[in-house]
Amino acid sequence: MPQPPSPAARDAAARAPGTAAAHRAAGGTATDTHCPYCALQCGMTLHPTAAAGTGAGAGHGPGPEPAPEPGVSVAVAERPGFPVNRGALCGKGRTAPAVLASRTRLTTPLIRRPDGELAPAGWDEALDRIAEGLARTRTAYGPDAVGVFGGGGLTNEKAYALGKFARLVLGTSQIDYNGRFCMSSAAAAGTAAFGLDRGLPFPLADIPRTGCVILVGANPAETMPPALRYFTELRENGGKLVVVDPRRTRTAEQADLHLAPRPGTDLALALGMLHLVVAEGRVDEEFVAARTAGWPEARSAAMAHWPELVERITGVPLPALREAVALFCDAPASMVLTARGPEQQSKGTDTVGAWINLCLATGRAGRPLSGYGALTGQGNGQGGREHGQKADQLPGYRKLTDPAARAHVAEVWGVSPDSLPGPGRSAYELLDALGGDVRALLLMGSNPVVSAPRAGHVEERIRSLGFLAVADVVLSDTARLADVVLPVAQWAEETGTTTSLEGRVLLRRRAVTPPAGVRTDLEVLNSLAARLGWEKGFPTDPEEVFDELRRASAGGPADYSGITYRRIADGDGVFWPCAEGAAAGAEPSSRTAGAGRTGGGSGTPRLFLDRFAHPDGRARFAAVTHRPAAEEPDADYPVHLTTGRVLAQYQSGAQTRRVDALNTAAPGPFVQLHPQLAERLGAAEGEPLAVTSRRGRTVAAARISPDIRPDTVFMPFHWPGEGRANTVTNPALDPVSRMPEFKVCAVRVERVP
Ligand SMILES: Nc1nc2c(c(=O)[nH]1)N[C@H]1C(S)=C(S)[C@@H](COP(=O)(O)OP(=O)(O)OC[C@H]3O[C@@H](n4cnc5c(=O)[nH]c(N)nc54)[C@H](O)[C@@H]3O)O[C@H]1N2
Ligand SMILES: Nc1nc2c(c(=O)[nH]1)N[C@H]1C(S)=C(S)[C@@H](COP(=O)(O)OP(=O)(O)OC[C@H]3O[C@@H](n4cnc5c(=O)[nH]c(N)nc54)[C@H](O)[C@@H]3O)O[C@H]1N2
Ligand SMILES: [Mo]
């Protein structure tokens, strides 16, 4: 029987203008794919619209909503068959096609002219300029004078190619990415405890079936709305939801118990709960003896955290702490899930370690329907941290310092292991070094002028670069500062894989032809590599890149070798690890899918049920003790500032601030503050407030609400300019993960005269 063409082959065909496939891709058929935004990677179906000029009528398929904006060539429709979101989508996902429209897009390369303006240029001239800029810097100052900055929204193929480009073509160690701001503390703690970092070691579908979930510093009602249903179903099934957040969020409103600690005190809170677990005789001694190591040290560290002391540090009343322990321990199975609240702290790794300790001590890990998980953030936040754009990493989640890993990957790349550089700086440290010993930067998939901590300083460092090249889909706030800007294709315009927060590897399919003048990131890397002497090794066909990634990842912790485009094209994705040879078998029972084992049909949905991934199969406790935030309130800066997200905007806003419907829902920055604090300041709703820290001053409208602690203000970080939250945030780094302390610093809040 003839084989159907692979998705990438169909893609290649679709590229040739005038072919039937091109016609179909441009306007003939519906395409099942995934959302461009968060790590949930909701399934959606894209329908061509009349705006594409293809003649496809509006009544095509199930009613797309909302009405597409002018110039938009596809509309989003529900895809109920995809199990993760079962058709549900948030407003960002529904309006994502607006960012495809050429009126919001970059459609030509831009080069900075001698008069200082960015002006349209041809592709060859732009690519030549970048190759020259990078090569000149390398020749004059050495390879480490050239930096590369990537993003967790890039597909696996792009993240892999970018890491390879940095190490091989540029020979630089100076590469890191925005996932350092996102996932690094949970990843570091998960790796230390379990020997493997996959955000969720079980599918979301397990949540409604467990008995109790403690959701720490996570606001899925706004950050992953289609996933909220899993928590609602948990409660409908009689399970309990505990939310730990200094704010009473839309998520906290759903909880059976809401604990509102002072920002930056989760470590004490988790240790206080563990103290109570020991004091109340709730330790699962059998589990601890059989499946863990390091309990005596962790136990004595926790015992130093008396409940009364914890109450004083966190501001959480002791009875509420006791109730949380009871809910967690009385349930037959329970989970702790963290997101950025406890992780984006200068002690995020220890904090996550303490929450994992709670799971291990009570036997709530490595068992069905129990465990610790982190809710990964970006579209490819999981895969983006596995395949080599991180400063210390090679593909397959291998360590750059491990000689065996270097030898394996060097062989796949056809180079000598000695030619691979060592680990480089972490994201903030790299940004901080710009204009110093890192003089040129290639940036792909991030907008640090808005999203980096102490952003005023970062912006100044970026401006001081000798050379900056940015590849983006829009003229982002950072792209505006570049010497050369390249307009690239995005999600619906190209095929690629992402790995969702569940560790599910998914195929995002090309549904439309990119605007004329736009190329893919893979094409950009291919052309730059060729100009810098690497004619081979940087294919532009995503499936070819993925096949190489499979080989590079084979045998590594994140083993993708058994996953193929064909295999994920028509199903619901495959959970890694999935080694070659495991491809054809039936799905293993959840009992037998152990730590390092690989699954059959759908890969390995559940990890650690037999053993953890350390060589001895045991999980490790973390012997951690509480310490204060890097900056505590004082007389000059008496209020805590914490930061985060709102429903209708995404990250630096580069994409969502270009969508009318989303700007109507969330038009600009604000300062959320308690009525008591507002009264003390004499502040009225909507009036501008200045928020000042040791790093700078930002101004945004007062939003007075009883849903926040009186000693804390909250700002979303989605906007540049006067209301940029990151002007004031503290770049204090976690010593292990190098994660900045986005979630707590000390500020002064004042009315603006
Ligand atoms: N709408 C929208 N959705 C998104 C994104 C977006 O930008 N917009 N971004 C995506 C990405 S990359 C990510 S990483 C995720 C993030 O998803 P979340 O982690 O859910 O989002 P945040 O708003 O950053 O933080 C969650 C909560 O932490 C609380 N918090 C603040 N300080 C503390 C603290 O010290 N301790 C505790 N326990 N809680 C604290 C905040 O009040 C906030 O409600 O969202 C993803 N989804
Ligand atoms: N104060 C504060 N700051 C924070 C956080 C916080 O909670 N508080 N959270 C942090 C977290 S968790 C994160 S993840 C970061 C995120 O912050 P950023 O890294 O700035 O994230 P985005 O805004 O998603 O930037 C992605 C950029 O890549 C572009 N892009 C999209 N698709 C593609 C593509 O396929 N190719 C290329 N070349 N470009 C593309 C987009 O247009 C956009 O300009 O912010 C961090 N900053
Ligand atoms: Mo993130």
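These figures come from a predicted structure and were not determined experimentally. Every number for a ligand or one of its atoms is a count from 1 in the order of the listing.
- Residues H457 and D432 bring a donor and an acceptor atom of their side chains to less than 3.5 Å of each other.
- The closest side-chain donor-acceptor pair between T499 and N156 falls under 3.5 angstrom.
- Checking only distances, T265 never comes within under 3.5 Å of ligand 1, N or O to N or O.
- Judged purely by distance below 3.5 Å, without hydrogens or angles, the side chains of T520 and E494 never pair a donor atom with an acceptor atom.
- Just one of L677, D711, V691, T712 meets the side-chain contact (heavy atoms from CB on, under 4.5 Å) condition when paired with V639; it is L677.
- Of the heavy atoms in L647, only backbone atoms (N, CA, C, O) come closer than 4.0 Å to ligand 1.
- Between V646 and ligand 1 there is a heavy-atom distance shorter than 4.0 Å.
- Around ligand 2, the residues contributing at least one heavy atom under 4.0 Å from the ligand are L154, K158, N178, F181, C182, Q344, Q378, M444, G445, S446, N447, S451, A471, D472, V473, V474, S476, V488, A489, D521, T643, R645, Y650, Q651, S652, A654, Q655, F717, N726, T729, F742, K743.
- With hydrogens and angles left out, the side-chain atoms of Q651 and N178 include no donor and acceptor closer than 3.5 Å.
- Counting only N and O atoms by type, the side chains of S737 and S185 include a donor and acceptor under 3.5 Å apart.
- Here's the thing with T249: none of its N/O atoms is less than 3.5 angstrom from an N/O atom of ligand 1.
- For the pair A648 and ligand 1, the shortest N or O to N or O distance does not fall below 3.5 Å.
- Contact analysis leaves V744 out of contact with ligand 1, as no non-hydrogen atom separation drops below 4.0 angstrom.
- The structure places OG of S705 at 4.5 Å from CD of Q672, a figure rounded to the nearest 0.5 Å.
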Quiz item: Are R738 and D176 close enough, and set up right, to give a salt bridge (Lys or Arg N to Asp or Glu O under 4.0 Å), and what steps lead you there?
Solution: CA-CA 11 Å; R738 319 305 284 168; D176 210 49; over 6 Å; no
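- Here is the list of ligand 1 atoms found below 4.0 Å of a heavy atom in D266: 34 (C), 35 (O), 36 (N), 37 (C), 38 (N).
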Exercise. Take R250 and E253 through the test salt bridge (Lys or Arg N to Asp or Glu O under 4.0 Å) and record every step on the way to the result.
Key: CA-CA 5 Å; R250 291 187 203 175; E253 278 168 15; over 6 Å; no
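- Within ligand 1, counting atoms from 1 as listed, the ones closer than 4.0 Å to a heavy atom of D245 are 27 (C), 28 (O), 29 (C), 41 (C), 42 (O), 43 (C), 44 (O).
- Within ligand 1, the atoms closer than 4.0 Å to a non-hydrogen atom of E222 are 1 (N), 2 (C), 3 (N), numbered from 1 in the order shown.
- Taking distance alone, with nitrogen or oxygen atoms compared against 3.5 Å, V244 approaches ligand 1 more closely than that limit.
- With respect to R657, the side-chain hydrogen bond (donor to acceptor under 3.5 Å, both in side chains) criterion is satisfied by exactly one of T104, N663, D477: D477.
- Side-chain contact of T497 with E157: a donor-acceptor pair under 3.5 Å is present, judged by distance alone.
- Here is the list of ligand 1 atoms found below 4.0 Å of a heavy atom in R247: 41 (C), 42 (O), 43 (C), 44 (O).
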